[in-house]
Amino acid sequence: MTEAAFTTELLESGSLLVGPWRSPKQMLHAQVYDSHASIHDDATAQKLGFQGGTIEGPTHFSQFAPLCERIWGKAWFETGCLSAHYRNPAFEGEEVQASVEKPQAGQTITPIGMTKRDGTEILRGTSSVGDAGETALERRLGELKPLADPVILCDLKVGMKTGRQTVKMDFDQNMGDLYPFSLNQKLKVITEPSLYYSQGDNPWGRPIVPMEMLSVLFQYRARDDRLPIRGPAVGLFADQEIRLLRGRIEDAGAQDDEVRVRASALDRVHRGGRQRRQVRQGLLSDGAIRAAVGAAQQR
């Protein structure tokens with residue numbers, strides 16, 4: 001008999017399934033890309049009008065994992081999807097709470113939300129499993145106007161693809177300048193710990209990578225993508241989606257497994273004069289395709 005995925009205490013509040021208040025840790029103070037610090041650096045963020053370095057969006061995804069696993073069980077780890085529209089940043093030391101609307105019987109997509117103690121909305125979106133229909137990101141992209149007069153993205157054309165790259169994530173592997181920490185370091189501070197992430201006592205017999213760490217894996221060799229995006233620029237994600245299309249992604253520590261990643265430019269859209277790009281990154285491992293999609297806002 002395998003261990004339970006999570007021991008997180010969850011509450012029911014009307015139509016919502018609600019998680020505990022958590023204070024996510026900021027691990028990207030030292031993040032560097034385009035030879036400069038990022039929005040997660042205090043000085044850089046303050047120049048752009050924020051009170052300090054922001055908590056990275058996917059960090060919040062871990063708080064939804066126990067909620068979604070309670071609703072959909074094993075299917076969450078194999079075909080789960082979180083699609084988020086970020087409304088306000090969170091900063092280290094602040095507490096946030098995740099909630100998921102309880103779906104009707106047979107429903108495979110449902111709204112999600114996260115707020116601070118003072119009621120400030122951090123994100124809204126959808127959680128789903130399988131081929132559930134239109135996600136929050138897909139709906140948002142359909143509402144945006146076509147991009148006109150691009151600058152940062154002027155050389156990027158719809159349909160461009162990079163070659164496949166081999167990437168892997170070991171427990172003690174530093175994930176580079178973009179993510180200057182290891183999986184083990186993340187697991188020590190992750191808001192929702194699980195033995196599924198560190199041991200093989202789960203339905204698959206090997207540790208699996210937390211959803212919030214999938215974007216870290218996808219970006220490990222991002223500098224080698226060679227998509228013609230002009231810089232330097234400070235990136236700020238306004239919308240983000242991570243989706244498992246078929247199967248979980250396992251940690252490479254127990255065996256020398258690797259996955260391959262490819263990025264492609266799918267669409268270009270903008271709103272409010274700021275540029276956005278939609279990039280899909282797909283992973284291929286053991287014959288299973290997985291993907292993450294993000295609409296990134298760049299200043």
Side-chain angles (χ1 to χ4, degrees), residues 19 21-28 31 33 38-42 44-65 67-68 80-101 109-128 134-144 152 178-179 191-192 210-216 218-219 233-243 267 269-281 292-299:
W21 291 100
R22 299 296 198 199
S23 181
K25 300 301 181 184
Q26 163 66 290
M27 298 186 71
L28 294 179
Q31 184 184 60
Y33 65 95
S38 73
I39 194 69
H40 309 293
D41 166 70
D42 285 341
T44 301
Q46 288 166 1
K47 289 179 182 177
L48 295 174
F50 296 98
Q51 71 181 55
T54 62
I55 299 292
E56 190 199 24
T59 301
H60 299 308
F61 283 14
S62 281
Q63 287 182 243
F64 291 98
L67 302 169
C68 297
C81 172
L82 282 174
S83 188
H85 171 48
Y86 299 117
R87 303 283 290 171
N88 289 285
F91 305 95
E92 189 164 48
E94 294 182 327
E95 289 187 310
V96 294
Q97 185 179 55
S99 63
V100 174
E101 190 170 307
I109 187 168
T110 191
I112 64 171
M114 177 173 281
T115 59
K116 297 183 186 181
R117 285 275 190 184
D118 64 3
T120 300
E121 185 180 31
I122 299 299
L123 65 84
R124 64 178 65 169
T126 56
S127 172
S128 58
E134 187 179 58
T135 65
L137 175 59
E138 290 169 334
R139 182 170 61 251
R140 285 268 300 161
L141 289 172
E143 296 170 351
L144 299 176
I152 297 172
L178 281 176
Y179 294 94
T191 55
E192 311 305 327
M211 181 167 280
E212 75 161 274
M213 287 294 285
L214 295 184
S215 60
V216 176
F218 299 157
Q219 291 292 322
V234 175
L236 176 63
F237 277 78
D239 303 85
Q240 191 168 30
E241 177 176 304
I242 295 179
R243 178 184 301 181
D267 197 4
V269 290
H270 89 300
R271 190 174 191 178
R274 293 174 180 170
Q275 298 184 42
R276 297 172 183 259
R277 60 186 170 95
Q278 183 187 2
V279 176
R280 180 184 297 272
Q281 294 174 309
V293 180
Q297 176 175 296
Q298 302 200 22
R299 297 182 179 213

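Among R139, R140, R87, R124, the one residue that satisfies the salt bridge (charged side-chain N to carboxylate O under 4.0 Å, His left out) test with D239 is R140.
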**OP:** For side-chain contact (heavy atoms from CB on, under 4.5 Å), just list the numbers for R243 and T135, CA-CA rounded to whole Å, side-chain angles, deciding distance to a tenth of an Å, and then say yes or no.
**Re:** CA-CA 10 Å; R243 178 184 301 181; T135 65; 3.2 Å; yes
Subject >> Check against side chain to side chain donor-acceptor pair (under 3.5 Å), E212 and S62 >> reply: CA-CA 6 Å; E212 75 161 274; S62 281; 2.6 Å; yes
Original post:
Are T59 and T191 close enough, and set up right, to give a side-chain contact (heavy atoms from CB on, under 4.5 Å), and what steps lead you there?
Top reply: CA-CA 8 Å; T59 301; T191 55; 5.5 Å; no
Original post:
Going through the distances and angles, do Y179 and Q219 end up as a side chain to side chain donor-acceptor pair (under 3.5 Å)?
Top reply: CA-CA 8 Å; Y179 294 94; Q219 291 292 322; 5.9 Å; no
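Between G19 and Q97, the closest heavy-atom pair is O-NE2, 2.9 Å. Taking both residues in full, the closest heavy atoms of P89 and E94 are given as O-OE1, 4.4 Å, listed atom of the first, atom of the second, then distance. Taking all atoms of both residues into account, the shortest heavy-atom contact from V96 to H60 is CG2-ND1, 4.3 Å.
For the atom pair CD of E241 and OG1 of T126, the computed distance is 6.5 Å after rounding to the nearest 0.5 Å. Rounding to the nearest 0.5 Å gives a distance of 5.5 Å between CG of L123 and CE of M114. Within the model, atoms CD of E56 and CZ of F61 stand 9.5 Å from one another, a figure rounded to the nearest 0.5 Å. Within the model, atoms CG of L137 and CD of Q240 stand 9.0 Å from one another, a figure rounded to the nearest 0.5 Å.
E95 places no side-chain N or O within 3.5 Å of a backbone atom of W21 that could act as its donor or acceptor partner. Judged purely by atom type and a 3.5 angstrom limit, H85 uses its side chain to pair as donor or acceptor with the backbone of A238. Within the 3.5 Å criterion, the main-chain N or O of E192 finds no donor-acceptor partner in the side chain of Q63.
Side-chain contact between M211 and P58: absent, with no pair of heavy atoms (C-beta onward) separated by less than 4.5 Å. By the 4.5 Å heavy-atom criterion applied to side chains, S83 and E138 are not counted as neighbours.
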